[in-house]
Trainee: 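Below you'll find the structure I mean.
Position 1 is the first residue of the sequence; numbering continues from there. None of these values were measured; they are calculated from a predicted model. Every heavy atom of this structure was used, including side-chain atoms; hydrogens, water molecules and symmetry mates were not.
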Amino acid sequence: MAQIDKPNLHFNTVLYTGNASTRSITGVGFQPDWCWFKSRGDTNGHMLYDAVRGATKVITSNSANVEATETNGLTSFNSDGFSIGSAAGENANSQPIVAWNWKANGQGSANTDGTINSTATSANTTSGFSIVKYTGNGSNGATVGHGLGAVPEMIIIKEITGSGRNWRVYHKKLGNNYVMYLNTDSDRVSDATAFNSTSPTSSVFSLGTSGGTNDNGNNYIAYCFTPKNGYSKFGEYIGNGSGDGPFIYTGFKPAFVLTKQFADQNDGWSLTDSARDRAVAPNGARLLAQSTQVEQTNESWALIEKFSNGFKIRGTDNVTNASGKNYLYMAFAENPVVGSNNIPAVGL
């Protein structure tokens with residue numbers, strides 16, 4: 001499998017302080033295609049934009065609401081970042097803001113690999129990330145092309161028109177008969193209708209009759225991920241309730257880690273990143289994807305220590321480390337352990 005030596009050409013976190021005025025944010029290092037914002041010091045929601053749906057079109061991870069137009073939110077995707085207006089979720093005055101940024105492939109183009117032709121698929125096959133927009137047909141066994149050329153191990157789907165249903169999350173560790181809801185803290189839900197009890201292939205993902213993934217005539221956006229050496233990994237760990245928690249090997253130093261308990265206990269989606277670790281509380285700055293609450297810096301709760309080859313759970317709360325409980329994770333790299341030339345990697 002090809003090695004990604006410079007992860008920050010595909011994922012990067014930027015931190016800035018809001019000023020409630022029209023401005024451009026630079027320093028991403030590429031033109032982002034998926035931008036996820038959170039105002040860290042107040043209870044404004046998580047604001048998500050992508051190049052396939054277009055600037056000003058927002059959905060929120062903490063809500064089941066359908067897509068809305070925010071003319072003062074993200075107004076353009078730029079060569080080294082993005083432009084924003086005065087909207088509070090993206091640019092609240094004097095508030096610290098985090099923006100997580102992923103590179104796909106621009107606005108994308110139609111994909112005809114599945115029985116449902118996507119209206120746009122924006123795929124970065126190098127980093128294993130694609131954004132797919134499609135219209136549901138309500139049929140069991142429908143398929144949609146994801147454009148990755150490899151099997152996705154995590155798929156996050158949101159209905160963007162219609163009645164406003166919960167997000168649906170597929171993860172390889174859940175299997176194809178379960179989903180999780182990104183906008184709630186509930187554990188896994190048995191649902192054979194979301195992905196038709198069928199795992200994705202290297203070309204398509206499958207859909208059943210669930211309104212959350214395939215209501216006839218409604219539009220959906222899907223974020224699809226497949227692992228890449230030195231850049232991303234999707235897996236599972238078991239908590240032990242101790243400050244000396246489990247170590248999860250990734251083969252890279254993580255820049256971003258999402259975790260979620262998925263069996264027998266309702267706890268939130270923890271979001272940590274190395275940029276906020278350095279800026280606020282080493283290894284201890286957490287946001288929750290399903291919640292509007294402010295950033296947590298209590299290290300006994302939030303601590304996820306990031307090493308050159310993985311991460312270790314140091315927090316003792318149930319969100320990341322309940323004893324005997326199963327957690328899924330999604331991680332992206334700051335830099336790999338070694339480069340493709342077998343020379344140990346250093347900061348990029």
Side-chain angles (χ1 to χ4, degrees), residues 4 7 9-13 28 30-37 46-61 66-70 73-74 76-79 81-82 99-114 116-136 142-161 167-171 182-183 195 200-207 212-214 218-228 231-232 234 256 258 289 330 332:
I4 293 180
L9 297 181
H10 304 278
F11 169 80
N12 207 358
T13 302
V28 173
F30 53 85
Q31 180 167 315
D33 297 305
W34 185 30
C35 299
W36 181 334
F37 298 85
H46 294 255
M47 315 303 280
L48 284 67
Y49 299 83
D50 61 73
V52 170
R53 292 181 299 116
T56 76
K57 303 300 182 183
V58 66
I59 46 180
T60 58
S61 67
V66 297
E67 177 185 271
T69 299
E70 177 50 83
L74 184 148
S76 68
F77 299 91
N78 304 335
S79 61
F82 47 83
W100 300 295
N101 304 274
W102 287 262
K103 179 179 176 60
N105 191 21
Q107 294 179 337
S109 57
N111 182 301
T112 60
D113 288 343
I116 295 176
N117 295 337
S118 72
T119 54
T121 296
S122 176
N124 182 344
T125 57
T126 300
S127 70
F129 171 56
S130 68
I131 306 169
V132 182
K133 184 179 179 181
Y134 66 93
T135 302
T143 57
V144 180
H146 52 68
L148 292 175
V151 177
E153 294 191 355
M154 190 166 180
I155 303 172
I156 303 172
I157 297 179
K158 182 67 183 79
E159 174 199 43
I160 58 174
T161 63
W167 292 70
R168 299 300 198 272
V169 177
Y170 165 87
H171 192 286
L182 185 64
N183 57 296
F195 297 101
T201 71
S202 61
S203 59
V204 300
F205 57 89
S206 295
L207 304 173
T213 58
N214 192 25
N218 283 345
N219 293 329
Y220 297 83
I221 199 76
Y223 304 110
C224 307
F225 305 88
T226 191
K228 294 292 181 177
Y231 174 72
S232 61
F234 310 87
F256 173 95
L258 174 151
M330 173 173 77
F332 296 92

Trainee: Might you point out which heavy atoms bring Ser232 and Pro227 nearest each other, and give the distance in Å?
Mentor: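 Minimum heavy-atom separation between Ser232 and Pro227: OG-CA, 3.4 Å.
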Trainee: Quick one: does Asn101's side chain have a donor or acceptor within less than 3.5 Å of a partner on Asn12's backbone?
Mentor: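 Checking the backbone N and O of Asn12 against the side chain of Asn101, a donor-acceptor pair under 3.5 Å is found.
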Trainee: Applying side chain to side chain donor-acceptor pair (under 3.5 Å), can you list everything that pairs with Asn219, at least two apart in sequence or on another chain?
Mentor: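 Thr135.
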Trainee: Any donor and acceptor pair, going by atom type alone, linking the side chain of Thr119 with main-chain N or O of Lys133 inside 3.5 Å?
Mentor: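 Yes, because the side chain of Thr119 sits within donor-acceptor range (under 3.5 Å) of the backbone of Lys133.
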Trainee: Measuring only between side-chain heavy atoms, which start at C-beta, is Phe225 closer than 4.5 Å to Pro152?
Mentor: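 SC-SC contact between Phe225 and Pro152 ruled out.
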Trainee: Would you call Thr226 and Lys228 a side-chain contact if the rule is heavy atoms closer than 4.5 Å?
Mentor: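 Yes, side chains in contact.
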Trainee: Using atom types as modelled and distance alone, determine if a side-chain donor or acceptor of Ser118 lies under 3.5 Å from a backbone N or O of Asn111.
Mentor: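 Yes; judged by distance alone, with no hydrogens or angles, the pair exists.
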Trainee: Evaluate the criterion side chain to side chain contact (heavy atoms under 4.5 Å, CB included) for residue pair Trp100 and Phe37; output intermediate values, then yes/no.
Mentor: CA-CA 7 Å; Trp100 300 295; Phe37 298 85; over 6 Å; no
Trainee: Which residue pairs pass the salt bridge (Lys or Arg N to Asp or Glu O under 4.0 Å) test with at least one member in residues 143-157, sequence neighbours excluded?
Mentor: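 Passing the test, one end in residues 143-157: Glu153-Lys172.
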Trainee: Can Lys158 and Ile156 be said to form a side chain to side chain contact (heavy atoms under 4.5 Å, CB included), step by step?
Mentor: CA-CA 7 Å; Lys158 182 67 183 79; Ile156 303 172; over 6 Å; no
Trainee: Look at the aromatic rings of His10 and Tyr231 and report parallel, tilted or perpendicular, splitting at 30° and 60°.
Mentor: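 The arrangement is perpendicular - the two ring planes meet at more than 60°.
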Trainee: Quick check against the 3.5 Å criterion: does Ser130 have a side-chain atom that pairs as donor or acceptor with the backbone of His146?
Mentor: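 A pair under 3.5 Å: yes.
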Trainee: Determine whether a donor-acceptor pair (N or O, by modelled atom type, separation under 3.5 Å) exists between the side chain of Ser76 and the backbone of Asn78.
Mentor: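 Looks like no, no N/O pair under 3.5 Å.
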Trainee: Is any side-chain heavy atom of Ile155 closer than 4.5 Å to a side-chain heavy atom of Pro200?
Mentor: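 Answer yes - side chains close enough.
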Trainee: Run the side chain to side chain contact (heavy atoms under 4.5 Å, CB included) check on Ile131 and Asp33 step by step: do they pass?
Mentor: CA-CA 9 Å; Ile131 306 169; Asp33 297 305; 4.1 Å; yes
Trainee: Looking only at heavy atoms, what is the nearest atom pair of Phe77 and Pro32, with distance?
Mentor: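 The pair with the smallest heavy-atom distance is CD2-O, 3.1 Å.
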Trainee: Is atom CD of Gln31 surrounded by more than 12 heavy atoms (other residues, nucleotides or ligands) closer than 6.0 Å?
Mentor: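 Yes, the 6.0 Å shell around CD holds more than 12 heavy atoms from other groups.
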Trainee: With a 4.5 Å limit on heavy-atom distance, are the side chains of Ile221 and Ile59 in contact?
Mentor: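 Ile221 vs Ile59: side chains touch.
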Trainee: Describe, in one word, how the ring planes of Phe129 and Trp34 are oriented to each other, choosing from parallel (under 30°), tilted (30 to 60°) and perpendicular (over 60°).
Mentor: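 Plane angle under 30°, so parallel.
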Trainee: Backbone N or O of Leu48 within a donor-acceptor pair of the Lys57 side chain at under 3.5 Å?
Mentor: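 No; judged by distance alone, with no hydrogens or angles, the pair does not exist.
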Trainee: Is there a side-chain contact between Leu207 and Ile116 (heavy atoms, below 4.5 Å)?
Mentor: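 In contact.
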Trainee: Which heavy atom in Met154 sits nearest to a heavy atom in Leu258, and how many Å separate them?
Mentor: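 Closest heavy-atom pair between Met154 and Leu258: CE-CD2, 4.5 Å.
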Trainee: To the nearest 0.5 Å, what is the distance between CZ on Arg168 and CG on Asn214?
Mentor: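 Nearest 0.5 Å value for the CZ-CG distance: 11.5 Å.
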Trainee: Once you measure the plane-to-plane angle for Trp102 and Trp36, does it fall in the parallel (<30°), tilted (30-60°) or perpendicular (>60°) bin?
Mentor: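 Geometry flag for Trp36 against Trp102: tilted rings.
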Trainee: Tell me the closest heavy-atom pair linking Ala123 and Gly147, and the distance in Å.
Mentor: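 In this case the closest contact between Ala123 and Gly147 is CB-O, 3.4 Å.
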Trainee: Could you list the residues that satisfy ring pair (Phe, Tyr, Trp, His ring centres under 6.0 Å) with Tyr170, not counting sequence neighbours?
Mentor: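 Scan of Tyr170 (ring pair (Phe, Tyr, Trp, His ring centres under 6.0 Å), adjacent residues dropped) gives Phe195.
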Trainee: Check whether the ring centres of Phe11 and Phe30 lie less than 6.0 Å apart, and answer yes or no.
Mentor: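 No: the rings miss the under 6.0 Å criterion.
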Trainee: Who are the ring pair (Phe, Tyr, Trp, His ring centres under 6.0 Å) partners of Trp167, not counting sequence neighbours?
Mentor: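 Trp167 satisfies ring pair (Phe, Tyr, Trp, His ring centres under 6.0 Å) with no residue once adjacent residues are dropped.
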Trainee: CG/Asn117 to OG1/Thr121 distance, rounded to the nearest 0.5 angstrom?
Mentor: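 These two atoms lie 9.5 Å from each other.
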Trainee: How long is the span from the OG1 atom in Thr143 to the CG atom in Asp113, to the nearest 0.5 Å?
Mentor: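 So the gap between those two atoms works out to 8.5 Å.
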Trainee: Can you list everything that forms a ring pair (Phe, Tyr, Trp, His ring centres under 6.0 Å) with Tyr220? Sequence neighbours excluded, please.
Mentor: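 Once residues adjacent in sequence are excluded, the partners of Tyr220 under the ring pair (Phe, Tyr, Trp, His ring centres under 6.0 Å) criterion are Tyr134.
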Trainee: Please confirm whether the backbone N or O of Asn105 pairs with a side-chain atom of Ser122, one donor and one acceptor, at under 3.5 Å?
Mentor: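 Pair found, side chain donor or acceptor close to backbone of Asn105.
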Trainee: CZ/Phe205 to SG/Cys224 distance, rounded to the nearest 0.5 angstrom?
Mentor: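 Nearest 0.5 Å value for the CZ-SG distance: 5.0 Å.
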Trainee: Using the side chain to side chain contact (heavy atoms under 4.5 Å, CB included) rule, take Val144 and Val132 through it: C-alpha gap first, then chi angles, then the decisive distance, then the call.
Mentor: CA-CA 9 Å; Val144 180; Val132 182; 3.7 Å; yes
Trainee: Are any non-hydrogen side-chain atoms of Gln107 and Val52 less than 4.5 angstrom apart?
Mentor: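 Gln107 does not reach Val52 side chain to side chain.
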Trainee: Applying ring pair (Phe, Tyr, Trp, His ring centres under 6.0 Å), name anything that partners His171, two or more places apart in sequence or on another chain.
Mentor: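 None.
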